[in-house]
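Below, read A as the first sequence line, B as the second, and so on, with proteins coming before strands; counting in each chain starts at 1. Model, not experiment: these values are computed from the prediction. Atoms considered below: every heavy atom in the structure, side chains included; atoms not considered: hydrogens, waters and symmetry mates.
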4 protein chains.
Amino acid sequence: MNSNHKKDSSTNRGRPRSEAVHRNILDATLILLTEVGIEKLSIEMIAQYAGVGKTSIYRRWTNKEALVVDALEQIKPELNTSYQDTLQETLYELAESFFGQMDNPLGRQMLSVLVSTLSGSSQISEAFWEKHSLPKTKEISSIIDYFRQEEGLSDRVDIDLASDLLIGYVTYLLLFKTPSRDLDTSLKSGIELIINGLKK
Amino acid sequence: MNSNHKKDSSTNRGRPRSEAVHRNILDATLILLTEVGIEKLSIEMIAQYAGVGKTSIYRRWTNKEALVVDALEQIKPELNTSYQDTLQETLYELAESFFGQMDNPLGRQMLSVLVSTLSGSSQISEAFWEKHSLPKTKEISSIIDYFRQEEGLSDRVDIDLASDLLIGYVTYLLLFKTPSRDLDTSLKSGIELIINGLKK
Amino acid sequence: MNSNHKKDSSTNRGRPRSEAVHRNILDATLILLTEVGIEKLSIEMIAQYAGVGKTSIYRRWTNKEALVVDALEQIKPELNTSYQDTLQETLYELAESFFGQMDNPLGRQMLSVLVSTLSGSSQISEAFWEKHSLPKTKEISSIIDYFRQEEGLSDRVDIDLASDLLIGYVTYLLLFKTPSRDLDTSLKSGIELIINGLKK
Amino acid sequence: MNSNHKKDSSTNRGRPRSEAVHRNILDATLILLTEVGIEKLSIEMIAQYAGVGKTSIYRRWTNKEALVVDALEQIKPELNTSYQDTLQETLYELAESFFGQMDNPLGRQMLSVLVSTLSGSSQISEAFWEKHSLPKTKEISSIIDYFRQEEGLSDRVDIDLASDLLIGYVTYLLLFKTPSRDLDTSLKSGIELIINGLKK
DNA sequence: CGTTAACCGAGACGGTACGTCGCGTCTTACT
DNA sequence: AGTAAGACGCGACGTACCGTCTCGGTTAACG
């Protein structure tokens with residue numbers, strides 16, 4: 001399920017790895033990430049806070065980045081894809097829910113980590129991004145597709161493009177425009193414009 | 001004009017700070033930023049490369065972040081606002097030029113640093129962002145406004161919204177979708193959709 | 001036994017400190033002390049020469065002084081207390097042997113360090129001095145006592161006083177009169193005078 | 001008179017050196033020497049305390065050692081050579097007065113500095129020592145000589161030797177035995193023994 | 001009696017070393 | 001074989017001083 005871990009023990013001889021230790025490390029990582037930020041975060045700090053030896057961390061993850069990415073997995077936002085009466089409403093619910101889940105220190109840290117690691121072009125985060133972003137694009141695309149005829153949308157336009165526009169806009173708001181005053185209005189207007197652009 | 005520096009000497013007594021040293025530090029920072037990335041970048045490295053004492057760096061900037069932000073100031077992209085025949089073409093030229101300037105290691109580092117510092121909610125980077133992002137929004141808005149009647153755009157929609165959508169989309173492509181195969185197509189289609197959304 | 005060390009690990013958990021590292025540090029300290037002198041001696045230098053991390057030094061000693069005192073422990077001179085036919089000869093052998101052991105760069109460094117630290121009135125060096133000086137006084141006193149009747153020495157005089165006079169004289173020669181031309185003569189005459197002073 | 005200074009200006013054109021600055025530096029040096037010790041003493045500290053630029057210090061002295069030696073000149077002890085009724089009393093007065101002048105932080109610092117610089121075999125302090133120590137030896141020798149017949153001292157013995165024994169003993173007490181409980185007794189007994197050693 | 005050369009304070013400069021922190025590895029005894 | 005503890009070599013941190021070098025400003029003697 002998760003490929004950031006170091007490879008599992010080849011044999012299952014000897015004492016098995018403690019699941020409690022695993023959880024303690026991940027929990028400590030998230031808490032400290034929120035409290036001190038990724039810059040000041042250190043493995044020694046995590047080990048101490050989790051009441052764990054450094055060895056137990058390095059046995060499971062190769063470095064800080066891998067651990068952080070793994071820890072952030074736990075808080076990845078769920079897309080709320082409940083279909084409403086109109087495309088507008090449906091996308092708004094989805095965007096608003098997504099925004100709500102990310103609009104906090106941890107969520108922003110997550111995006112930030114993503115961007116930093118991506119710009120370092122590590123394979124880990126590419127995989128991470130593909131796993132999380134692509135499905136979102138597809139889900140949104142299928143929502144739009146579902147309302148296509150009902151709302152009289154053009155066949156010509158690339159539906160994935162609209163998804164990217166929406167995702168890009170929401171991401172942009174999160175990264176650069178928070179705290180935002182008229183968030184709801186911004187989201188609604190943006191979605192409206194995109195939908196209108198899809199029409200005819 | 002730039003507020004990342006430590007406070008200027010209160011008086012003008014004593015030997016004045018060398019402008020040459022200042023430049024050497026900033027230049028070395030940019031070069032090393034490109035070569036080793038921000039993670040591996042160290043003050044000692046910069047000092048050595050610039051042929052400068054560490055003190056001369058710490059005298060001017062409080063930490064690596066402030067220095068990097070300052071160095072990146074020098075390579076902020078210029079918006080190409082030459083008006084073409086149509087809004088579509090004009091925005092495409094603008095977006096394509098912007099993209100071209102940012103689609104390289106240094107440009108991506110710049111965005112990445114921006115995001116990281118913003119997520120740490122430092123005042124430095126908020127100021128930085130406002131100084132660079134807001135003008136862009138205004139410039140794009142005025143372009144759209146210029147073509148409003150000519151292209152039959154609706155009065156109702158918020159023109160700044162369209163700018164944000166465009167900026168968000170381009171930023172999103174830069175951060176998460178590079179290297180991109182069909183960049184031109186993506187940009188063109190995105191702009192087309194946004195313009196279409198503005199119509200009627 | 002030696003109290004210059006930082007406190008021993010409270011428990012015996014964790015990896016124990018390496019005895020080899022300990023030795024390497026002390027050896028390097030002595031060698032470099034001889035080569036460059038205590039003024040130019042630096043912790044970084046010692047660490048490098050010993051092939052050891054600076055932390056491993058600071059883990060064991062709080063500062064350069066403590067380390068140097070500890071290193072010098074190893075070369076403390078042995079008193080040659082072989083009894084000769086006369087008090088004069090016995091004391092001469094002793095003084096000459098002591099002088100020979102101290103009359104070199106390391107020996108003088110040792111005395112110098114002792115004086116410097118004593119003038120800073122650190123407890124470390126008081127302890128150090130008491131441990132090394134007092135026994136010497138006692139040994140010399142017992143030698144004098146041994147020859148008391150045989151040589152017709154007065155009962156009235158403080159024998160420890162004669163020891164201190166001798167030690168003081170030898171130390172004085174070492175600190176302020178080296179290199180000395182007529183060392184043997186100086187020692188012999190001094191001892192003769194002291195013995196004569198003890199008589200009647 | 002004092003050769004630790006850098007050479008005087010070759011010409012006497014231009015603004016002459018300020019005597020007040022000179023005094024301030026020496027005073028500050030002595031005060032700080034007492035307060036923080038020679039180890040922690042720094043040129044920058046002295047400059048700041050004296051309200052003087054570093055340049056003004058380096059213009060007069062080549063390094064910390066030269067400055068300190070120069071500053072300590074001011075407090076060199078005066079020998080009290082008032083002749084008493086007996087040699088015993090005269091030497092006691094002299095030793096007691098000398099001891100009284102040196103038995104304080106500054107005096108001990110002075111001896112310590114002397115020892116340290118001597119062990120580093122700098123020329124400065126050799127000169128310093130010769131200038132101060134030799135005259136003392138000569139003065140004491142002439143005192144002893146003065147009482148020679150009166151007290152029935154042997155001609156055979158080297159009188160300079162007795163001086164060195166006394167100086168050595170007093171120095172030894174100062175360096176290694178302070179604070180001393182029975183100082184007066186120690187001095188008296190020591191002198192008595194030496195005088196007795198000179199007899200017959 | 002104005003020129004001018006050396007002085008003065010302040011403080012920037014390239015360095016060296018400081019003592020600390022965290023890295024990722026290793027070595028203990030214990031589970 | 002896993003675990004907590006913690007030592008290990010290493011590299012960078014940010015600071016303190018070193019001795020040198022500008023700055024603007026000042027003080028006398030010389031010309």
Side-chain angles (χ1 to χ4, degrees), chain A residues 9-18 20-21 40-45 47-48 50-64, chain B residues 9-18 20-22 40-45 47-48 50-60 62-64, chain C residues 9-18 20-22 40-45 47-48 50-60 62-64, chain D residues 9-18 20-21 40-48 50-60 62-64:
Chain A
S9 289
S10 36
T11 72
N12 44 357
R13 303 238 305 144
R15 177 175 171 180
R17 291 195 187 153
S18 160
V21 165
K40 303 286 180 189
L41 188 70
S42 75
I43 297 282
E44 302 212 329
M45 199 176 180
Q48 177 134 15
V52 142
K54 286 201 292 176
T55 316
S56 292
I57 297 180
Y58 284 110
R59 198 177 287 118
R60 290 156 218 262
W61 295 276
T62 54
N63 52 44
K64 190 167 75 174
Chain B
S9 282
S10 39
T11 70
N12 50 351
R13 297 206 289 174
R15 177 175 175 176
R17 294 196 186 154
S18 160
V21 165
H22 204 89
K40 302 286 180 189
L41 189 67
S42 75
I43 298 282
E44 296 209 331
M45 200 175 178
Q48 178 134 16
V52 142
K54 282 201 288 178
T55 316
S56 291
I57 297 181
Y58 285 112
R59 200 178 284 124
R60 290 156 217 266
T62 51
N63 53 46
K64 193 167 74 175
Chain C
S9 283
S10 39
T11 70
N12 50 353
R13 298 206 289 174
R15 177 176 174 175
R17 295 202 184 147
S18 161
V21 165
H22 204 90
K40 303 286 180 191
L41 189 68
S42 75
I43 299 282
E44 294 208 333
M45 201 174 176
Q48 178 134 15
V52 141
K54 281 200 290 177
T55 315
S56 291
I57 297 180
Y58 285 111
R59 219 193 311 277
R60 290 156 217 264
T62 52
N63 51 46
K64 193 167 73 175
Chain D
S9 292
S10 36
T11 73
N12 43 356
R13 303 241 306 143
R15 175 176 176 177
R17 291 199 187 148
S18 160
V21 165
K40 303 286 180 188
L41 188 68
S42 74
I43 297 282
E44 302 212 329
M45 200 176 179
I46 295 170
Q48 176 133 16
V52 140
K54 284 201 292 174
T55 317
S56 291
I57 297 180
Y58 283 110
R59 198 177 288 120
R60 289 156 220 262
T62 54
N63 52 44
K64 190 167 75 175

Are the side chains of Arg17(B) and His22(B) in contact, using a 4.5 Å heavy-atom criterion?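 Counting from C-beta outward, His22(B) and Arg17(B) never come under 4.5 Å.
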With no hydrogens and no angle check, is any side-chain donor or acceptor of Lys64(D) less than 3.5 Å from a backbone partner on Leu41(D)?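 Yes; judged by distance alone, with no hydrogens or angles, the pair exists.
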Closest approach to the side chain of [X], judged atom by atom: which nucleotide of [options] is it?
X        : options                   : value
Glu44(D) : dC18(F), dT28(E), dA17(E) : dC18(F)
Arg17(B) : dA12(E), dT25(E), dT3(F)  : dA12(E)
Arg60(B) : dA12(E), dC7(E), dG19(F)  : dA12(E)
Lys54(C) : dG14(E), dC8(E), dA12(F)  : dA12(F)
Arg59(B) : dA12(E), dC23(E), dT3(F)  : dA12(E)
Thr55(A) : dA7(F), dA5(F), dA12(F)   : dA5(F)
Val21(D) : dC8(F), dC8(E), dG24(E)   : dC8(E)

Find the distance Tyr58(D):OH to dG9(E):C1' and express it as a whole number of Å.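 The answer, rounded to whole Å, is 16 Å.
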Between CD1 of Ile57(A) and CZ of Arg59(A), what distance do you get to the nearest 0.5 Å?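 That separation rounds to 10.5 Å.
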Nearest 0.5 Å please: distance from the NZ atom of Lys54(D) over to the OG atom of Ser56(D).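 Here the rounded value is 12.0 Å.
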For Gly51(C) and Ala47(A), find the nucleotide of DNA chain F closest to each by heavy atoms; which residue's nucleotide sits nearer the 5' end?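 The 5'-side residue here is Ala47(A).
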For Gly14(C) and Lys40(B), take the nucleotide of DNA chain F holding the closest heavy atom to each; which residue's nucleotide lies nearer the 5' end?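 With Gly14(C) and Lys40(B) compared, the 5'-side residue is Gly14(C).
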With nearest nucleotides of DNA chain E determined for Arg15(C) and Val52(D) from heavy-atom distances, which residue corresponds to the more 5′ nucleotide?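 Result of the comparison: Val52(D).
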Taking only the side-chain nitrogens and oxygens of Ser56(C), find out if one of them lies under 4.0 Å from OP1 or OP2 of dC8(F).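 Looking at the OP1 and OP2 atoms of dC8(F), one of them is under 4.0 Å from a side-chain N or O of Ser56(C).
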